[in-house]
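These notes concern the structure reproduced below.
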Amino acid sequence: MSRIIIIHSYSWEDKDIFQAILMSSGCPPQSPAVAKSEVTVEGECPLLAATFAYWDNILGPRVRHIWTPKGDQSMFLSDGEVTFLANHTLNGEILRSAECGAVDVKFFVLAEKGVIIVSLIFDGELKGDKNTCALSVILPQTELAFYLPLHTICVERLKHVIRKGRIWMQKGYNIISVLSLEIVPIMELLALMKSHSVPEDIDIKDTVLNDDDIGDSCHEDFLHKAISSHLQTCGCSIVVGSNPEKVNKIVRTLCLFLTPAERKCSRLCKADSSFKYDTGLFVQGLLKDSTGSFVLPFRQVLYSPYPTTHIDVDINTVKQMPPCHEHTYNQRRYMHSELSALWKTDSEEDIPPETVIHTDETFTPDLNIFQDVMHKDTLVKSFIDEVFMLKPGLSLRSTYLAQFLLLLHRKALTLLKYIEDETQKGKKPFRSLRNLKTDLDLTVEGDLNIVMAFAEKLRAGLHSFVFGKPFYTSLQERDVLMSF
Amino acid sequence: MIGSPDVVAFTKEDEYGETSPDPWALPKEFSVPLHPPCDSNPWSKTSYAKFTKDFILISEFSEQVGPQPLLTIPDDPKVCGTFDLNYFSLRIMSVDYQASFVGHPPGTGYPRLSFVEDSRVVLGDSKEGAFAYVHHLTLYDLEARGFVRPFCMAYVSADERKIMLQFQELSLRFSQASECLKSGNRRAFAKELQRKLRDLEYTHSVLQREEGLQREAAPQSMYSAHAVEKANELANVEKSIYEHRDLLRQISSYHQRPRRDPNAVTCHKCITECVSECEKLLEKYAKLAKPFTYSDKGEKGEDGQGQIDHEGGEEVDAEDDEGVKRRPSYTPQLIKAKSAKCFDKRLKTLQELCDDTFYNATVELLKDTERCFRGDLSYLHTRRLDRALRKKLRVTNFLFEEDLRDDDEDEGGTLRPFCAVNHAVDNFTLTLNPPPIVLGPEPLELDALEPPDPLDPASETSHTHESELGLVESHLESSPSDQTLETQESSEETKGSFSSDKSGLGQAEGQQNLAMTSEGPDPDSDLTPDPDQNTDLERESSSEDIETTAGEDEGDQTPVSLLEVMSELEGREDECEVVTNGACEVESDLLVPLDTACCMAQEGFLYEASAPETVPRFGQNSNVQHDQTLVVNQEPQALLPLQDDYTVGSSCPESPAAGLELPVGLLGDAVSRTSVEDGSDCTMSASTGSDRAASPLGYGGVVTLRQRKRAGQGALRFVRQYPFAMQALWCLLSGRTLVVLGADEGRVRRLVAALALFVPGPGKCGERVQAWLSCPFTLTDLQRWKLIGLQRVASPVGSSMLYSLSRYSRYISILDADQKTLRCPPYHGQLLANIADHRTYIRRGSTYFLHLQSTLCHLAAKAFLFTFTHHLHLPVSFTEGPEVVEGRRRCFLQEQLGLGEEDSRILLYLSQLITQQYLQPATGSGAAAPCFSFNYTTSVFYKI
């Protein structure tokens, strides 16, 4: 039986009384109707529940909806406990003074309850009132190490669905249907990552770099192109093919060039069934269907935080998306377009499809986003040439790889520092790209791209800062020309 | 006529436009910005916070005034700037999750302490641009409401990503700090309970006596209201005694409860101590089956108070150890019937709530944490990755990288493996599930958790078994820094005393053995004459035969003494190889499991590699026969054991001044007896120059990353100022000793410190670099030091120095800091063009250092490749002779790596060092003695 206690005013001393009341009742006052959706997820889903709560001006924190995965779970939380935890995420948010539209992230590790909670706090309009809302995801504390590398991916995806949800709330529609669009895929993502993520430590023996000769499993230039493009796109790649072993071998090979945390955000392909593309992962292996094709969702690929390299191991082709600054710009244009389409929707029933390219006449995205790798490099080329000279089976190649990665990381930091010095930490525009190339031995375009990609991961927005202005100018010129 | 105001109305298109916005246009608050501010400045994301740098904030949820900040680390108001700490404390404490019910739960007679686990929260205030990792904890206070005092420690940063990406490291650090505070608090709480119990017992005795008196005074079976009141009071006190005893029992059972927090950090030593002390206390008070022994005792004497005090004091004395006697005994006090629980009481400070030892240790730990996480995320992140990768590069790290372990200490890059009160590392475990690190790979931490040297006195003495419950005066265990200092001093004293002996022994050994052998000490070494006498002798001999420099007339006039040495070495070469192989077998297990066959096969290459290159020249330029070994493996007296233990010349002396002092007798004698023809002395003078601090080298410390970064500025200045910098760097990188000559010690030291960055395998303490030398050097020194700062003096000593310079000029390069000239062989390669371009636009030394690091890393990688590429060093078939293999090697350098002859020499030298290091990794110092090689190339004189 639920009880509702309303206390109109209290002093700091009464905080303990509150706690005592809450604890003695076992759970907080539960609102009469908390809707719940059970989501069927294949495999073991580490997520315990997701909740949507809001701050009711009379009742205080109140849970509106709970999503739970259906099936076996290592830990069970009753609805009361879920509600208690969800309410807790809004504690203190009465003091919130964020700008309108801001989405703040709170992350709790509650050892007492054995859970971690990720909460996204935002403002939204419910029944004509501005309310503080929280979309939360609850996981067992034992999954902390598993979850942390994936935190950014989950948060970014949830942030965008919240943007859409806020529009829906503004229109007086039910936000739950919009939130479900991303909550369910995130449950699926976490379940798949639990079973198919790339291990933190990769044995070089499971990769192409252990082959006796460069031509053993890949044609030389294919491997060079694949690794080079993979590095130029910030370590973000999709590997498609028909043979799962071949795909996974390339996935592992590419993951050798990632940090351990990034590897945890990478996924192998599954032999017996095909995964769908997931936004935000670094490397993912994907199997073609029986017809030998794989449908890549344009929107999801564009929403990835970094541009992506597309590697087809069946036909040994490597394609890549435009560099970071272009990718970010396209991504924002697309997001803007999607939100605008939602804003223009007349009916709650018409949640626009995720592909909005036909709904907004003002925006025509370039669908041909994967292009040939244009820029050759010397860094990867010489590495590939040289590493196969070392005897396989020993740790020689691993050591040489570590040396190569050390060089790249150091070059990236040097480049970042160089730009920092030149621009007084961004206070002045950067005008000395030519000097940078000469001074840091990055005159080959491919080399510069690789090092810039590493630096972009260290300092988000670096590409836009360095290359953005000419790019935007060229876009403006293009628009002007097209208007004639 | 239309006036201007009328026109203006039509020109304001924007405002006009705003009056009728498109109803279908997406409002700004629902949109995503196409050009967010971070695009125009990626550094701006963290720039709008009101504080200047990250800090740690400790706040309390006070029951009197609500959330309040208590302490910031660093304790500098400038750090927080105009940031409102009160408001932020309110914000972070309002998310407190302490489900700590304290009170009388149903069915229990006594108040219960609830042991709640800490909670961790990351939250932010996007408007203020402040984000925080907040660690909530609860401390116990007998006088607080429900006996609990909620606190939190927060790491406040303007960069949200920095906190999330380092969540586990932060969590681990703050868990350590929290455990430390809580350990101290439990002890303090138990101590407080003890006092309270004694007060209660005393009060009970007083009340009992009064009640007895009243009962006696009153008529039988008649109780006055006063007597009833006293009886009630007595009953209350008795109840209170039981309650407090139960609290004591509860706090004693703290460690018996199962921990729910898999990320909690526990020091077993702390637990054991606390448990034992609590048990003692518990036992003491449990003994009192009748809890009112005080009354019995009190009744014995006429002056109850005095008696109790006295006996109370004795009781403690009797039960506790000797340490108690130093402690002022506690005087029990009468407790009033109505204890104060109101707002006028003063709450204990955090320091009072915790034992001083623990409080101070926590503050130290937090300071260390602040220091450890200081700086930009990109640098912290790269540093972690850098370290993790370098751990895989043990084979080449010695070339240009600073020592990893020292980097830990210097930069605080990893977590301290000690509990905050400095209990030894073997007690430290992560409960249940050690959290992996997100950014840095786990080995990074695992390595840091290596147990300390069991012989380390610090680890043995760090723990004392004194009570920490307050019954005994808690002795502060020495802080980490104190310990380090003491240990260092003592160990260095020991090292110093041994090493000076050893250096003598080493010298003596040097007369009989080749470089890589290590035999028993030479009994003759005891005959070493008095150093002063020896100095004189050597100074006399130093004026012997003056030779021309190689540049002036080459080859023909090779010094006799050197040829003798060479022929002597030639005869012993086989012996050397045998020993080397042996060393490889013993030590290779310690290394990365590389293929030793490759290196083993390289021995020939190692000692003969330059022969094909130098032989033709040698043949052309000198009359020395071809079959003569052209690479001098080792000067007889410069033996490997000597290299390691030789403190006189090394840069690791026990004191700065001592580091530059040479026990002239030992070395000088050895030299004079070995090769009189060398004719040089080895007297070094301790410098008293005022500019000593300019160089980190030569004063005994391990060369740290910070020092190297600082030297980067000097290196950049050198490259900019000297057009022939590239030649100088080539000399260093190809193993040719560079002598920096100058009159001004400061300038020479600075130059040496800058150039030391380019010395391959400089050694952990820069053993291959002699920052300042005031005396002539010998051939031995040239083998030992690859970079020498030499004083230019006008005295007779100066002339002998000039003589030695001129005599050895064919083996060395001379950079004259005063004249700004350089004499060295010419260099026409391209490999160094990128780090020695005087037109570089790199502005800062730190940036240049980073650039240098990556270039040297690239060189090391190439050298590694060259060293361990099997087919370059092994014959493919039996028919292949060494010439074919050598040809393949040269082809590889020229065609595969695209290196010219001079550039190849760099790689050959580095490869030689790698091979040597690989085969003899256990030399300790990390600076393997390189083979002493030279070739006869005409030196060129460069000047600005």
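By convention in this document, chain letters (A, B, ...) are assigned in the order of the sequence lines, proteins followed by strands, and residues within each chain are numbered from 1.
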Walk me through it: do A:L458 and B:Y379 pass the test side-chain contact (heavy atoms from CB on, under 4.5 Å)?
CA-CA 8 Å; A:L458 292 176; B:Y379 295 93; over 6 Å; no
Step-by-step side-chain contact (heavy atoms from CB on, under 4.5 Å) determination, B:F868 to A:Y400
CA-CA 10 Å; B:F868 291 100; A:Y400 197 57; over 6 Å; no
side-chain contact (heavy atoms from CB on, under 4.5 Å) evaluation trace for B:Y841 with A:T438:
CA-CA 9 Å; B:Y841 287 93; A:T438 317; over 6 Å; no
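None of A:R333, A:R163, A:Q331 except one satisfies the side-chain contact (heavy atoms from CB on, under 4.5 Å) rule with B:V32; the exception is A:R163. When the options A:W168, A:F122, A:W343 are evaluated for a ring pair (Phe, Tyr, Trp, His ring centres under 6.0 Å) with B:F30, the one that passes is A:W343.
Neither the backbone nor the side chain of A:T89 comes within contact range of chain B, judged by heavy atoms closer than 4.5 Å. Looking at B:F892, the atoms closer than 4.5 Å to chain A (heavy atoms on both sides) all sit in the side chain, from C-beta outward. For B:T396, the part lying near chain A is the side chain, with the backbone staying farther off; criterion is any non-hydrogen pair under 4.5 Å. Using a 4.5 Å cut-off between heavy atoms, B:L897 contacts chain A through its side chain alone, with no backbone atom that close. Contact of A:K457 with chain B is made through the backbone alone, with heavy-atom distances under 4.5 Å. B:S31 touches chain A through backbone and side chain together, each having a heavy atom under 4.5 Å away. Of the two parts of A:D421, the backbone and the side chain both hold a non-hydrogen atom closer than 4.5 Å to a non-hydrogen atom of chain B. Using a 4.5 Å cut-off between heavy atoms, A:A102 touches chain B through its side chain atoms alone.
Put simply, the side chain of A:R332 gets close to the backbone of B:L34: a donor and an acceptor are under 3.5 Å apart. Judged purely by atom type and a 3.5 angstrom limit, B:H851 uses its side chain to pair as donor or acceptor with the backbone of A:D439.
Counting heavy-atom pairs closer than 4.5 Å to chain B, the top-ranked of the candidates A:G114, A:G426, A:G101 is A:G426. The candidate with the highest count of non-hydrogen atom pairs below 4.5 Å against chain A, out of B:A833, B:P27, B:A860, is B:P27.
Salt-bridge formation is detected for the pair B:K862/A:E386: a Lys NZ or Arg NE/NH1/NH2 atom is positioned less than 4.0 Å from an Asp or Glu carboxylate oxygen. Between A:E99 and B:K28, no side-chain nitrogen of the basic residue sits less than 4.0 Å from a carboxylate oxygen of the acidic one, so the salt-bridge criterion is not met. With respect to the salt-bridge test (charged N to carboxylate O, under 4.0 angstrom), the residues A:R459 and B:D376 qualify.
A pairwise comparison of heavy atoms in B:E160 and A:V105 identifies OE2-CB, 3.9 Å as the closest pair.
With contacts defined as side-chain heavy-atom distances shorter than 4.5 Å, the pair B:L393/A:Q403 qualifies. Residues B:Q896 and A:M389 meet the side-chain proximity criterion, which asks for heavy atoms closer than 4.5 Å. The shortest distance between side-chain heavy atoms of B:M164 and A:L148 falls below 4.5 Å. Taking 4.5 Å as the limit, some side-chain heavy atom of A:L416 sits within range of a side-chain heavy atom of B:S378.
Qualifying salt bridge (charged side-chain N to carboxylate O under 4.0 Å, His left out) partners for A:E456, counting only residues two or more places apart in sequence or in other chains: none. For B:Y133, the side chain to side chain donor-acceptor pair (under 3.5 Å) criterion is met by B:H135, not counting sequence neighbours.
Relative ring orientation between A:F107 and B:F167 is described as perpendicular, the plane-to-plane angle rising above 60° on a 0-90° scale split at 30° and 60°.
A:K417 and B:T847 share a side-chain donor-acceptor pair at under 3.5 Å. A donor and an acceptor atom, one from each side chain of A:H409 and B:T382, are nowhere located under 3.5 Å apart.
Considering CG of A:D441 and CG of B:N834, their distance stands at 4.5 Å, rounded to 0.5 Å.
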